[in-house]
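Just so it is clear: chains get the letters A, B, ... in the order the sequence lines come, proteins before strands, and each one is counted from 1.
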There are 2 protein chains.
Amino acid sequence: MKRKITLKQIAKELDVSIGTVSKALRNSKEISEETKEKIQAFAKFYNYKPNNIALSLKNRKTKTIGILIPEIVHHFFSKVIQGIEQVANKKGYNVIIGLSNESFDKEVINMEMLAGGSIDGFILSISKETLLQQDYHHFNETINQGMPIVMFDRVVSDIRCDKVIVDDLEGAKKAVNKLIENHCKHIAIITTKDYVSVGRLRTQGYIEALNAHEMHTQSDLILKVDDKLASEDYIDVLEEEIKALLLMNPEIDGVFAVNELYAVTTMKVARKLGKKIPDDLQVVGFTDGVLSRHATPSLTTVSQHGKKIGEVAAGLLIEKIESESLDEPVRTIVIETELIERESTK
Amino acid sequence: MKRKITLKQIAKELDVSIGTVSKALRNSKEISEETKEKIQAFAKFYNYKPNNIALSLKNRKTKTIGILIPEIVHHFFSKVIQGIEQVANKKGYNVIIGLSNESFDKEVINMEMLAGGSIDGFILSISKETLLQQDYHHFNETINQGMPIVMFDRVVSDIRCDKVIVDDLEGAKKAVNKLIENHCKHIAIITTKDYVSVGRLRTQGYIEALNAHEMHTQSDLILKVDDKLASEDYIDVLEEEIKALLLMNPEIDGVFAVNELYAVTTMKVARKLGKKIPDDLQVVGFTDGVLSRHATPSLTTVSQHGKKIGEVAAGLLIEKIESESLDEPVRTIVIETELIERESTK
DNA sequence: ATTCTCAACGATAACGTTTGCGTGTTGGTA
DNA sequence: TACCAACACGCAAACGTTATCGTTGAGAAT
């Protein structure tokens, strides 16, 4: 297993100095055509490629950006990564990924690993546990060390950094308004417990939309399920809870679910109860993933444009990385949601 | 935006040499307790963290492994990454990701970027375009430069490296055997064109399973759809082709689809044609993703254990990276598939 | 008094680059 | 013959570490 060839080896082999080789390969006019050709030919033959690590050390920049997300087996996050990767690569940046698995400790450890010189900046979405504990010291420390951060989707306002967010409140309104337009009179929501801001905002949007149309919100039409039920293992429990909701409130003719899984599960349960979709019950979800598209019936849902979010986040970060000035204002960019109508609504 | 503190700065501040600081922080017994305490306190206060880049340069290893996959918005690949990440992190490695988007050029460019010192080894799955062009020079060059590679899922035998593969042939047999056991008499397959080995193997498994039971294979029961139809945009065309298949051969009572999407689309089309699943038609898919689990009816499918594949691949790679000997044999590890029975079969 | 032995620390090389500057060798001109 | 550009190249510093080897001084042993 031979090692990669270096400038030094080329220099020794051709009996010139290291500096000369470097200049020749960078096509400096300081070097004569003759030697340049010789050196370049030699380098090409041995497939010389400069060592990025050495360059990173010298230039004090790594040309890679770090992504830190709670999980990867998740359509939305994958889409965001795709977006980030696209603009990053276009600008000559690599992308390195850390997974927190929704754990505070893993988030901290991963940040420290990456912040130790491996990357030029972070794009991240906060883990649930961190959100719960409200301990944000690792973010502030990283920022204080001069490393720019861009947060997306799950953000907290306390931290001074760029943010790219989804207008969850407005998105939820769009969804509920659609149901109202379609003459639903009793609209339920299936949402999560409150500590993740995203779920809270969607719930609030639901309430505001109803109020705006002078429909009263009934607490028994608001089903807050435990987050853990989103994991695949607890799908039975989730089904039971939804079933109970529908049985206890047979008047429900519209459901807004704060994610895909809740939505398709609702449709599944409803069908088992003999309800026709969308005739007896209309359903709108959140997040435009594979489930929404390929469920039967296909799901009307609020798309967050994950790829776009990634693109914008990467753009912001790279801009900040490459900017010289050291005290720019922080920006918060809102990516509009879009209601994608399919078969689960009339 | 202050920069990170370095050994040199600490040394100057405390009026000792750089070496002393380094030793003190690594708790060398060469340094007196007194100075050690002083230096360590100072370093802690200023939150000193060694610069990974400098360490990488010195140690000639980066402690990060590169993943190169065709796409990330894909349940199987996400699962593999999850597995890789888990064992990599456990062993102190980071993970950096490159996406080829099924393009040969992007694959080559990404490899060159990463191979330029950023990583210690590769885990990759070959892009379709590369498979088509059969140009594997970039893999061989990378290997020749002393960088270990582990391939998974989509592999080619020409390249001398470790491989982790799915037993596609056996998996397909399991699926088809299940249909035969369930008394299907006319079993169709929905597969892709032949150039990706994975699809070919699954088709072959289908044929062998039928032959083993002395059922004749009819070419009109083998639907080879263009790969591009797997992309979301061409879903209509895909539906049309499947519809034609089912209409032309109404005797079909079992379908084996080589991926999730084909399977759920088949179920959707069948239902539109008034067929009951699994009573009139039984369907088995390949890949255990969200679609399989949450489709209605839920899909019987062949699981490839993506996470396991990632874990094994990472294990092999790290072992090779950390091994001293430079001419070990290459290994090919087959991960068993598992038939997961759900509602789409009897 | 001289040598020896540690303890405690400093100096330096090395990892692979890039780059500004110094320097030796040309050739041409006065 | 003497001088001066221009050319072509070498030297060395710097990025931040770690490890090897010196070096210094003090005290102990001879």
Side-chain angles (χ1 to χ4, degrees), chain A residues 2-40 42-43 46-64 113 115-120 145-147, chain B residues 2-40 42-43 46-64 113 115-120 145-147:
Chain A
K2 50 185 177 184
R3 227 182 278 289
K4 286 194 60 181
I5 193 169
T6 70
L7 287 185
K8 188 194 285 192
Q9 296 172 41
I10 299 182
K12 192 164 68 177
E13 211 66 35
L14 262 43
D15 210 43
V16 290
S17 81
I18 295 179
T20 305
V21 178
S22 174
K23 285 170 185 164
L25 292 179
R26 321 205 97 242
N27 236 315
S28 158
K29 51 184 176 243
E30 271 188 70
I31 309 297
S32 71
E33 281 305 322
E34 196 186 359
T35 9
K36 269 200 285 195
E37 276 175 31
K38 188 177 62 179
I39 292 178
Q40 286 172 0
F42 189 90
Y46 281 99
N47 199 16
Y48 169 80
K49 294 273 162 47
N51 182 324
N52 287 334
I53 295 291
L55 288 178
S56 296
L57 183 57
K58 186 157 181 44
N59 302 330
R60 287 145 161 235
K61 56 178 85 165
T62 62
K63 280 278 182 180
T64 97
M113 278 192 77
S118 311
I119 61 170
D120 293 339
Q145 291 190 4
M147 180 159 304
Chain B
K2 50 186 175 183
R3 227 181 276 291
K4 287 193 61 181
I5 194 169
T6 70
L7 287 186
K8 188 194 284 191
Q9 296 171 42
I10 300 182
K12 192 165 67 179
E13 211 66 35
L14 262 44
D15 210 44
V16 291
S17 80
I18 295 180
T20 304
V21 178
S22 173
K23 287 172 187 163
L25 293 179
R26 322 205 98 243
N27 235 318
S28 157
K29 53 182 178 253
E30 272 188 66
I31 309 297
S32 71
E33 281 304 324
E34 196 185 1
T35 5
K36 269 200 284 195
E37 276 176 32
K38 188 177 63 180
I39 293 178
Q40 286 172 0
F42 189 90
Y46 282 100
N47 198 17
Y48 169 80
K49 294 273 162 49
N51 182 324
N52 286 335
I53 295 291
L55 287 178
S56 296
L57 182 58
K58 187 157 180 46
N59 301 330
R60 286 143 164 238
K61 57 177 87 166
T62 62
K63 280 278 182 180
T64 96
M113 277 192 78
S118 312
I119 61 170
D120 293 340
Q145 292 191 3
M147 179 159 305

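Here D/dT18 presents its P atom at 15 Å from NZ of B/Lys63, a figure rounded to the nearest Å. In this structure, A/Lys36 atom NZ and D/dC7 atom P are separated by 12 Å, rounded to whole Å. Summarising the geometry, the separation between CG on A/Leu57 and P on C/dT18 is reported as 13 Å, rounded to the nearest angstrom. For A/Lys58 and C/dG16, the NZ to C1' distance is 10 Å, given to the nearest whole Å. In this structure, B/Ile39 places its CD1 atom 13 Å from P of C/dA8, rounding to the nearest Å. In this structure, A/Asn52 atom CG and C/dG16 atom P are separated by 14 Å, rounded to whole Å. As rounded to whole Å, 13 Å separates atom C1' of C/dG20 from atom CD1 of A/Ile31. Atom CG in A/Asp15 sits roughly 12 Å away from atom C1' in D/dC9 (whole-Å rounding).
In this structure, B/Lys4 and B/Asn47 have side chains that are not in contact, with every pair of non-hydrogen atoms separated by 4.5 Å or more. Using a 4.5 Å heavy-atom threshold, the side chains of B/Asn51 and B/Thr6 count as separate. A heavy-atom distance below 4.5 Å is not found between the side chains of A/Val21 and A/Leu14. A/Ile53 is listed as a side-chain neighbour of B/Thr62, based on a closest heavy-atom distance under 4.5 Å.
A donor-acceptor pair under 3.5 Å is formed between the side chain of B/Asn52 and the backbone N or O of A/Gly116.
Between B/Lys4 and D/dG16 there is no side-chain polar atom (N or O) within less than 4.0 angstrom of OP1 or OP2. Between A/Lys29 and D/dA8 there is no side-chain polar atom (N or O) within less than 4.0 angstrom of OP1 or OP2.
Side-chain proximity of B/Arg60 to the nucleotides D/dG10, C/dG10, C/dG16 is greatest for C/dG16. Side-chain proximity of B/Leu7 to the nucleotides C/dT18, D/dT18, C/dG16 is greatest for D/dT18. Nearest nucleotide to the side chain of A/Asn51, out of C/dG16, C/dG10, D/dA8: C/dG16. With C/dG16, C/dC21, C/dC9 as the choices, the nucleotide that has an atom nearest any side-chain atom of B/Ser32 turns out to be C/dC9.
Only B/Ser17, B/Thr20, B/Lys23, listed by number, bring a heavy atom of residues 17-28 of chain B to less than 4.0 angstrom from any atom of DNA chain C.
In the interface, the side chain of A/Glu30 is paired with the base of C/dC21 through a donor and an acceptor atom under 3.5 Å apart.
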Exercise. Can A/Ile10 and A/Glu13 be said to form a side chain to side chain contact (heavy atoms under 4.5 Å, CB included), step by step?
Worked result: CA-CA 5 Å; A/Ile10 299 182; A/Glu13 211 66 35; 5.7 Å; no
Problem set entry | Trace of the side chain to side chain contact (heavy atoms under 4.5 Å, CB included) decision for B/Lys36 with B/Leu25 | CA-CA 7 Å; B/Lys36 269 200 284 195; B/Leu25 293 179; over 6 Å; no
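Among the protein residues, A/Leu55 comes within range of the sugar-phosphate backbone only, with heavy atoms under 4.0 Å from sugar or phosphate atoms but none that close to a base. Looking at heavy-atom distances under 4.0 Å, B/Thr35 makes contact with sugar-phosphate atoms alone, never a base.
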